[in-house]
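Read the structure below first, then the notes.
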Amino acid sequence: MNQQDIVCGMMVDEATATHRSHFHDKEYVFCSANCQHKFEANPTQYVAAEPAASPAAAATRQAESAREQVAPPTQAPADTALATLDIEGMTCASCASFVEKSLSRTPGVHKALVNYATERATVEYLPTQASPETLKEAVMKAGYGVAAPAAPDTSAADRQAELDQQKAVAYQKLKRRLWVAVGLAALVMLLTMVMLWPALAARINMQGLNYVLLGLTLPVLLYSGREFYTSAWNAFLHRAANMDTLIAVGTGAAFLYSLAATVAPQFFMQHGLMPEVYYDTTATIIALILVGKVLEQRAKTQTSAAIKSLMSLQAKTARVVHGEQEIDLPIEQVRPGDVVVVRPGEKVATDGVVVLGHSAVDEAMLTGESLPVEKKTGDSVFGATLNKTGSFRFRVTKVGAETMLSQIVKLVEDAQGSRAPIQRLADKVSAVFVPTVVCIAILTFVLWFDLAPVATRFPLALVNFVAVLIIACPCALGLATPTAIMVSTGKGAENGVLIRNAEALEKAHQVTTILLDKTGTITRGEPAVTDVLVAATYDINQVLQLVAAVERQSEHPLAEAVVRYAEAEQVPRAAVEGFRAVEGRGATATANGEQVLIGNQRLLTEAGVELSAELAAQANELLGQAKTVLYVAIGGQAAALIGVADTVRETSAAAIHRLQTMGLEVVMMTGDNPQTAEKIAHQVGIKRFFAEVLPQDKAGKVQELQAEGRVVAMVGDGINDAPALAQADIGLAMGAGTDVAMEAAGITLMRSDLQGVVTAIQLSKQTIRTIRQNLFFAFIYNVLGIPIAAGVLYPLFGIALSPMLAAGAMALSSVSVLTNSLRLRSFEGAKS
Amino acid sequence: MESPEILVTLVGLSLIAFVLWYFFFSTREAVSAVSSSSGVQEVDITVKGGYSPDVIEVEKGKPVQLHFYRDEEASCSEEVLFPDFGIRRELPAFQTTLIELLPQQAGRFEFTCGMGMLRGSLVVK
């Protein structure tokens with residue numbers, strides 16, 4: 001029979017329940033020890049609260065909880081605040097129901113959702129009636145705990161800080177182990193050399209000296225090298241073998257042989273063997289490997305420096321406007337809808353839209369763009385960027401994990417977690433490496449024992465056995481690709497190039513053809529006034545004043561271009577009356593008492609206005625340049641022509657030239673007619689282009705190039721570019737583009753500038769070159785090192801590798817690979 | 001060949017055979033994830049020289065929570081990677097680290113330590 005867990009409401013089988021408790025002569029059963037402990041701590045709280053959630057309610061809650069995992073909670077309305085709490089102590093979905101109920105009953109709470117899977121509560125509440133503290137109390141009243149206020153980006157930074165601290169402690173411990181090993185190994189070496197001096201060796205008790213060496217080596221093994229042995233043993237129990245296995249087996253064999261020779265020398269002599277000891281080998285190998293580990297650890301921390309510095313950019317506080325006051329709040333308490341003040345020299349606290357004031361903001365940390373960007377009302381600002389000159393206020397739109405900075409950190413972390421296809425071979429080798437080396441070492445021992453002269457066979461077999469184990473370093477192989485990917489993805493983020501995964505990074509270096517969507521990539525993607533031509537009797541400023549006055553009333557993109565131009569020219573404003581949009585033609589209005597018409601030629605023709613011969617000729621010239629012409633009439637007379645066109649970015653031609661000098665073919669694609677396409681292509685130095693391409697045909701053009709055997713990188717920014725970005729071998733989305741385009745792309749360029757494409761391709765080429773060098777070093781080192789250590793050169797040249805030399809080489813191998821990867825830190829992206 | 005050589009050869013070859021069998025050919029038991037009432041598939045994994053369990057069976061399309069408890073300080077296990085899911089996570093010693101993923105496709109997906117020496121598999125059915 002089933003009974004309900006009084007704490008969480010879950011149904012528990014009474015017959016089999018293991019968690020039970022008595023209260024007031026009644027037995028209660030629980031789903032877990034956690035619920036039992038909660039009940040026993042304060043039984044009256046639960047007994048008084050009976051009946052708890054009904055099975056039906058519990059089932060509904062479970063369904064809701066499951067549904068919530070796929071549908072995240074919606075954003076809170078502007079008048080409510082949103083709190084996220086990490087709940088501790090939940091053991092089942094019914095616990096989530098219990099917490100949710102307690103939060104929902106709290107005065108001021110509009111909505112509470114508790115996700116058991118993520119152990120997180122999302123609460124919408126009225127800040128005037130509730131606060132994060134009262135919410136926390138509600139959770140604790142239900143018998144659960146709250147870990148910390150959760151703003152995912154800051155908690156990620158905190159988690160990183162905690163990890164860093166742990167690593168620093170481990171590093172100090174490692175250094176202590178190293179110094180003990182170095183000191184004792186030096187002593188052991190010194191005493192061993194004494195034994196090699198015949199005059200001195202004859203005077204000392206060799207047996208006693210062996211015991212002294214044993215005494216000095218034991219701390220090296222048991223303190224400095226203990227981790228190698230425990231790690232190797234643990235791995236062995238899991239049928240796994242790692243680098244520690246090789247060190248443990250190698251040094252362990254040398255030590256055990258020496259120990260036997262020390263305590264029972266007669267046994268060796270009876271069997272025709274000299275009771276030689278190898279304590280110097282054991283101690284020195286451990287010391288040298290620890291040297292390698294210390295250097296490796298130091299280098300490894302630098303590989304993730306870029307991502308750490310990104311995470312540390314987040315502002316800690318924000319100056320929020322509350323009525324007449326400005327209050328400094330911790331960043332975790334800032335909510336969407338809040339208005340935040342930013343003064344010169346301050347960081348922008350989070351993402352939002354400017355509502356008052358203007359300034360120049362340095363966005364280099366997000367986009368790699370070195371020049372500050374002008375911000376005015378309506379412009380977006382991003383958290384962690386630096387306000388340079390003016391003061392402004394912005395309305396918060398995104399906080400926590402939603403911000404641009406958090407998204408970048410997440411993207412870089414994801415990329416660093418991915419595997420590059422180039423690593424496949426190394427992965428395959430790594431998986432079988434250590435057991436294979438152990439087999440080779442055993443075979444080496446057997447062959448030397450069987451083939452060498454009887455007097456020296458055992459020492460030779462043992463020394464070569466140890467040398468094979470010690471020289472084979474799987475670390476270099478394992479570090480070759482990930483370290484290079486770590487450094488380059490971080491470096492990319494610093495330069496405004498976000499790489500989705502290692503595969504995209506690898507693909508980018510194979511590209512032979514770059515296909516550029518014209519609008520938004522080569523050009524700015526928005527119309528801009530290029531020419532203002534006025535009839536002889538008119539003043540240009542007067543015309544612009546009247547035209548801008550009329551166009552301010554319009555929402556047409558061409559009208560916006562005219563208004564932008566007039567504002568840039570600081571033309572004074574004029575009064576407007578009777579604005580009327582004429583569909584398909586333009587607009588009319590009275591400005592400063594003058595009747596103004598602005599639109600296409602048809603508008604003027606239908607109004608009976610004739611163009612002068614001069615204006616007609618100039619109009620034809622503008623049309624010949626593939627520009628849109630706006631015709632202006634004032635007081636019934638043709639007064640001016642305004643040429644509008646999508647302008648080429650200043651950096652496009654230089655970037656395209658650099659791509660071409662890198663040996664890449666650059667192809668343009670546009671929906672424009674062939675004449676306009678040709679003009680733009682010519683302007684930026686592109687020889688091949690596709691004109692009149694419909695949005696649905698863009699992916700087809702990529703396929704067309706691929707069918708020619710080209711590896712195509714597609715660069716685009718709009719929703720209609722997404723299929724082409726996905727079809728391309730590698731898609732590069734421009735930062736000002738849409739989320740859909742970015743989703744379909746392997747690389748996102750934070751700057752709307754083709755120099756980002758150059759940076760991405762150069763970074764990819766340099767990274768792959770580094771990975772290849774690393775893999776070459778790692779493979780060649782083992783391919784040559786293992787046979788030499790096994791003694792293949794000994795029969796011919798009498799060359800055998802000392803295990804101590806092998807240990808030194810092993811320590812250096814992974815350090816050299818890491819150092820090579822760290823060279824990528826000096827990479828500099830293409831500048832505008 | 002005299003008896004010491006014969007003995008060493010036989011012992012050596014036996015050891016090689018044992019190493020090959022133990023590391024490559026011995027069978028490993030798969031453990032199925034436990035589905036909680038909320039539909040989340042949960043597995044506790046101990047990291048100590050390897051992963052226990054190291055073969056984990058889960059169902060496709062349901063969220064998976066893997067609780068990695070690293071019961072050692074050995075540097076070999078300080079990271080875990082799920083390359084197919086783009087996850088690289090550091091595992092602090094003597095702490096539990098939660099890794100959440102949503103397997104959308106059936107298949108066998110490997111997870112490894114940072115250098116690919118320690119291995120486990122997520123079998124999605």
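Scope of the values below: all heavy atoms of this structure, side chains included, with no hydrogens, waters or symmetry mates. Naming: A, B, ... by sequence-line order, numbering from 1 per chain.
- Only the side chain of B:Q95 comes within contact range of chain A, with heavy atoms under 4.5 Å apart.
- Contacts between A:F236 and chain B at a heavy-atom distance below 4.5 Å involve backbone atoms as well as side-chain atoms.
- Within the 4.5 angstrom heavy-atom criterion, atoms from both the backbone and the side chain of A:L479 approach chain B.
- Heavy atoms of A:A241 lying under 4.5 Å from chain B belong to its backbone as well as its side chain.
- Within the 4.5 angstrom heavy-atom criterion, atoms from both the backbone and the side chain of A:V432 approach chain B.
- Contacts of A:D450 with chain B are made by both backbone and side-chain atoms, with heavy-atom separations under 4.5 Å.
- Using a distance-only test at 3.5 Å, with no hydrogens or angles considered, no donor-acceptor pair links the side chain of A:S231 to the main chain of A:F228.
- In this structure, chain A has a heavy atom under 4.5 Å from the side chain of B:L81, while its backbone stays farther away.
- Options A:P435, A:A232, A:A502 differ in how many heavy-atom pairs under 4.5 Å they form with chain B, and the most are formed by A:P435.
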All N/O donor-acceptor pairs, side-chain side in residues 48-56 of chain B, below 3.5 Å, sequence neighbours left out:
from, atom 1, to, atom 2, distance (Å)
B:Y51, OH, B:C113, N, 3.2
B:S52, OG, A:H238, NE2, 2.5
B:D54, OD2, B:R28, NH1, 3.0

- Assess whether salt bridge (Lys or Arg N to Asp or Glu O under 4.0 Å) is satisfied between B:E59 and B:K62, documenting all intermediate values. CA-CA 6 Å; B:E59 282 178 59; B:K62 283 187 181 176; 3.6 Å; yes
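- Proximity of the aromatic rings of B:F109 and B:F85 is defined here by a centroid distance below 6.0 angstrom, and this criterion is met.
- For B:E72, the part lying near chain A is the side chain, with the backbone staying farther off; criterion is any non-hydrogen pair under 4.5 Å.
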- Task: Would you sort out whether B:Q65 and B:Q41 count as a side chain to side chain contact (heavy atoms under 4.5 Å, CB included), showing the intermediate values?
- Result: CA-CA 6 Å; B:Q65 286 192 340; B:Q41 306 180 84; over 6 Å; no
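- Between the side chain of B:R89 and the backbone N or O of B:L98 there is at least one donor-acceptor pair closer than 3.5 Å.
- Taking the six-membered ring for Trp, B:F23 and B:F18 have ring centres at least 6.0 Å apart.
- If you measure heavy-atom distances from A:L174 to chain B, you find no contacts under 4.5 Å at all.
- Interface check for chain A: of the options B:E73, B:R88, B:E110, the most heavy-atom pairs under 4.5 Å are formed by B:R88.
- For chain A, the nearby part of B:T112 is the side chain; its heavy atoms alone come within less than 4.5 Å.
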- Step by step, would you call A:F458 with A:F465 a ring pair (Phe, Tyr, Trp, His ring centres under 6.0 Å)? CA-CA 10 Å; A:F458 195 86; A:F465 169 77; over 10 Å; no
